[in-house]
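Data first, discussion second: the structure below is written as structure tokens.
Here, residue 1 is the first one in the sequence, and each next residue gets the next number.
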Amino acid sequence: MDSKKIGRWLTLAANIGVIAGLVLVAVQINQNTEIMKAQIANDYYLADMALELAMMGEDPAHSWDKAVFEPDDLTTKDAVILDRYFNYGFVQIHRLQEMDEMGMAPEGWQKRVNYLRWHLGNEVGRRWWEKVRNDYSTEFSALVDKTLADDNFASNRELLDALMRPIESSRK
């Protein structure tokens with residue numbers, strides 16, 4: 001075979017290799033860009049969640065206990081704390097939703113909406129949801145409504161009451 005022909009074929013193969021390498025670099029840059037976008041979005045949600053926690057203060061359980069057992073005795077401070085507590089659950093769900101849409105989290109964030117049953121499982125939580133539900137998309141509000149449809153908004157109290165008294169044993 002002629003050495004010029006071999007040289008041309010080698011040059012062609014080298015050029016194809018360079019082009020393939022450039023395509024792979026472009027793909028990697030695109031992947032890194034998508035990962036960076038997801039990281040920035042995730043950092044936003046984590047900062048929002050940290051702010052919610054800070055605004056709840058050192059003893060949000062006290063206000064939450066009042067929401068469950070003494071909802072008529074809430075103070076304005078309790079209301080602020082509970083607003084942040086309820087919102088915290090929604091921020092968590094929206095974080096998962098965003099990460100899922102970016103392809104950076106497992107699918108199934110909709111299943112986590114069930115978690116909101118705990119956040120809103122009391123009369124105060126129900127009132128909060130009724131006030132803010134229009135701040136969310138129609139689809140998201142419908143999903144939350146469907147999740148809460150069979151909840152009597154006393155589930156927090158029922159669970160906590162069960163912890164306070166012994167369960168009757170059927171082994172007598």
Applying side chain to side chain contact (heavy atoms under 4.5 Å, CB included), run through D100 and L96 and close with a yes or a no.
CA-CA 6 Å; D100 180 34; L96 289 174; over 6 Å; no

For E123 and R126: C-alpha separation, side-chain torsions, deciding distance, then whether salt bridge (charged side-chain N to carboxylate O under 4.0 Å, His left out) applies.
CA-CA 5 Å; E123 177 64 24; R126 184 191 62 77; 2.5 Å; yes

Should R157 and N122 be marked as a side chain to side chain contact (heavy atoms under 4.5 Å, CB included) after you check the CA-CA gap, both sets of side-chain angles, and the distance that decides it?
CA-CA 7 Å; R157 185 178 194 125; N122 55 71; over 6 Å; no

Apply side chain to side chain contact (heavy atoms under 4.5 Å, CB included) to the pair F90 and V132, showing each step before the final yes or no.
CA-CA 11 Å; F90 282 76; V132 303; 5.7 Å; no

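Considering all non-hydrogen atoms of both residues, V68 and P71 come closest at O-CD, 4.3 Å. Here the closest non-hydrogen pair linking I81 and S63 is CD1-OG, 3.5 Å. Nearest approach of A38 to M104, heavy atoms of both residues: CB-CG, 3.3 Å. Among all heavy-atom pairs drawn from G121 and D151, the shortest one is CA-OD1, 4.3 Å. Pairing each heavy atom of M102 with each of A41, the nearest pair is CE-CB, 4.1 Å.
Under the rule for a side chain to side chain donor-acceptor pair (under 3.5 Å), D161 has no partner lying at least two apart in sequence or in another chain.
Within the 3.5 Å criterion, the main-chain N or O of Y85 finds a donor-acceptor partner in the side chain of H119. At least one donor-acceptor pair closer than 3.5 Å links the side chain of D78 to the backbone N or O of T75.
With respect to D72 and K66, no salt bridge is recorded, no charged nitrogen being found less than 4.0 Å from a carboxylate O.
Summarising the local packing, CZ of R117 is surrounded by more than 12 heavy atoms from other residues, nucleotides or ligands at distances under 6.0 Å.
Residues Y88 and V91 share a single hydrophobic cluster, defined by chaining ILVMFWY side chains whose heavy atoms lie under 4.5 Å apart. L51 and L53 fall into different hydrophobic clusters, where Ile, Leu, Val, Met, Phe, Trp and Tyr are joined by side-chain heavy atoms under 4.5 Å apart, directly or via other members. Y136 and L116 fall within a single hydrophobic cluster, where Ile, Leu, Val, Met, Phe, Trp and Tyr are joined by side-chain heavy atoms under 4.5 Å apart, directly or via other members. The hydrophobic cluster containing L163 also contains F69, counting ILVMFWY residues as joined when their side-chain heavy atoms lie under 4.5 angstrom apart, directly or transitively. Both Y115 and L143 are assigned to one and the same hydrophobic cluster, defined by single-linkage of ILVMFWY side chains at heavy-atom distances under 4.5 Å.
In the model, N42 has a side-chain atom that pairs as donor or acceptor with a side-chain atom of R95 under 3.5 Å. If you check the side chains of N156 and W118, you find no donor sitting under 3.5 Å from an acceptor.
For residues 30-55, the pairs satisfying salt bridge (Lys or Arg N to Asp or Glu O under 4.0 Å) are E34-K37, E52-R84, with sequence neighbours left out.
Rounding to the nearest 0.5 Å gives a distance of 10.5 Å between NE2 of H94 and OH of Y44. Atom CZ in R127 sits 12.5 Å away from atom CG in L120 (nearest 0.5 Å). The structure places OG1 of T33 at 10.5 Å from CD of Q28, a figure rounded to the nearest 0.5 Å. Going from atom CG of L10 over to atom NZ of K5 covers 14.0 Å, rounded to the nearest 0.5 Å.
The shortest distance between side-chain heavy atoms of I29 and V25 falls below 4.5 Å. Taking 4.5 Å as the limit, every side-chain heavy atom of N87 sits out of range of all side-chain heavy atoms of Q92. Proximity of W109 to I93: side-chain heavy atoms (C-beta onward) are separated by under 4.5 Å at one or more points.
Aromatic ring centres of F153 and W129 lie farther apart than the 6.0 Å criterion allows. Note: W64 and F86 fail the aromatic proximity criterion, with ring centroids not under 6.0 Å apart.
Checking L12, V18, I19 one by one against I16, the side-chain contact (heavy atoms from CB on, under 4.5 Å) holds for a single residue, L12.
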